Trainee: 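Have a look at this one.
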Amino acid sequence: MVAVFRLAPPEAIEILDQTLLPFEEQVIRIADVAALCEAIGALRIRGAPLLGLAGAAGLALAASQNGPTDKDLSHAARVITATRPTAVDLGLRAGDALELALALPVDERAGALWAYAARLHGDRIREDAAISAFGADLLVERGSVLTHCNTGELATGGAGTALGVIVAAWKRGRVERCYVTETRPLLQGARLTAWEALRAGVPATLLPDTAAGSLLASGAVQAVITGADRIARNGDTANKIGTYQLAALARRHAVPFYVAAPLSTIDPNCPEGHHIPIEMRDGREVGGFGDHRWSPAGIEAYNPAFDVTPAELITAIVTEQGVIQPPFTAGIRRAQSERGEQ
Ligand code: MRU
């Protein structure tokens, strides 16, 4: 596979255009902040951890291409962060990069920002490997898993979070089959996870989102595992729209529901899920796909990109530092203080 995300300092960031997958692997060169914001908004680049990398790299790009002054960089961090409000990593990494840059002389900023983005990419790869291994340890009995949206390399730039766990567990002989929801309306499951699972060699079955209840009731699934876009301090978790209903169904059928995410996805400033900003997207995404329309013009649509799964429905949260068990408020506090001490 061509690289999902590549830094090409000082001119550009190269990304695989995810809107064209699975049929076309096209790398696009992004050469300024406006182009990056367009790519993020259109979901050419997406997935919470990869958006974190994009946020950091966006500041590097801004310093090289748009200008390295305090004003230039503060503006860049603001517009990049505003592009998608739910995934905490985007604003977090853009903000960290800004802070780093503002502490330096103007002529040193671009170099330091490119180096920071490269370091973050390395961290991402190491953290994903750890998440995959800790998560695979949880799936002790051989069985099938259900996942939602896309959480593989396309979403992180590393091995992935939930999909990383599934691939690692499959390699250990613990996953028989991965059930993949199509993830309407933008089909991240049908287009991206289906593609990544097949390329990894994991036996995979695609289902309409509406078939999840029937699948769980059939007893075919032994665990549900998803990623996260922002986790509150009490464990409430925002993830792709449809995650909440999967967690509720999993509870109804006594199937464990796991969230896999780096610790950076836990927002220390967010006490509970109802504080998480939920991105509302264009209603036209519901009434068609690309140029193909199936709903009459003029119909209104409800199109939140994410929902919040209450902590009480989550069995455990898998991070690069280990597995956080309920009660999450205490577990998250402990994990964050251990991380601070590292
Ligand atoms: O709108 P998207 O495609 O960026 O949404 C992505 C998700 O919801 C993922 O599940 C989440 O970011 C976790 S990525 C490892």
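One-based numbering, in listed order, for ligands and for the atoms of each. This is a predicted model, so every value here is computed, not measured.
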Trainee: If you look only at distance, which donor and acceptor atoms sit under 3.5 Å apart when one is on a side chain in residues 288-299 and the other is two or more places apart or in another chain?
Mentor:
residue : atom : partner : partner atom : Å
Arg293  : NH1  : Arg284  : O            : 3.4
Arg293  : NH2  : Arg284  : O            : 2.6
Trp294  : NE1  : Val286  : O            : 3.2

Trainee: For Arg233 and Pro271, which heavy atoms make the closest approach, and how far apart are they?
Mentor: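 Of all heavy-atom pairs spanning Arg233 and Pro271, the closest is NH2-CB, 3.5 Å.
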Trainee: I'd like the contact residues of ligand 1, where contact means a heavy atom below 4.0 Å.
Mentor: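 Ligand 1 pocket, heavy atoms under 4.0 Å: Leu43, Arg46, Gly47, Ala48, Pro49, Arg84, Cys149, Asn150, Thr151, Ala155, Thr156, Thr161, Gln188, Gly227, Ala228, Asp229, Asn239, Lys240, Phe306.
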Trainee: Do Arg339 and Gln321 have a side chain donor and acceptor closer than 3.5 Å?
Mentor: no
Trainee: Does the cation-pi check pass for Arg199 over Trp195, that is, NZ or CZ under 6.0 Å from the six-membered ring centre and within 45° of its axis?
Mentor: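 Geometry flag: set, cation within 6.0 Å and 45°.
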Trainee: Tell me whether Arg191 is salt-bridged to Glu182, with the criterion being a basic N under 4.0 Å from an acidic carboxylate O.
Mentor: no
Trainee: Do Arg177 and Thr205 pair up side chain to side chain, a donor and an acceptor below 3.5 Å, judged on atom types alone?
Mentor: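 Short answer, yes.
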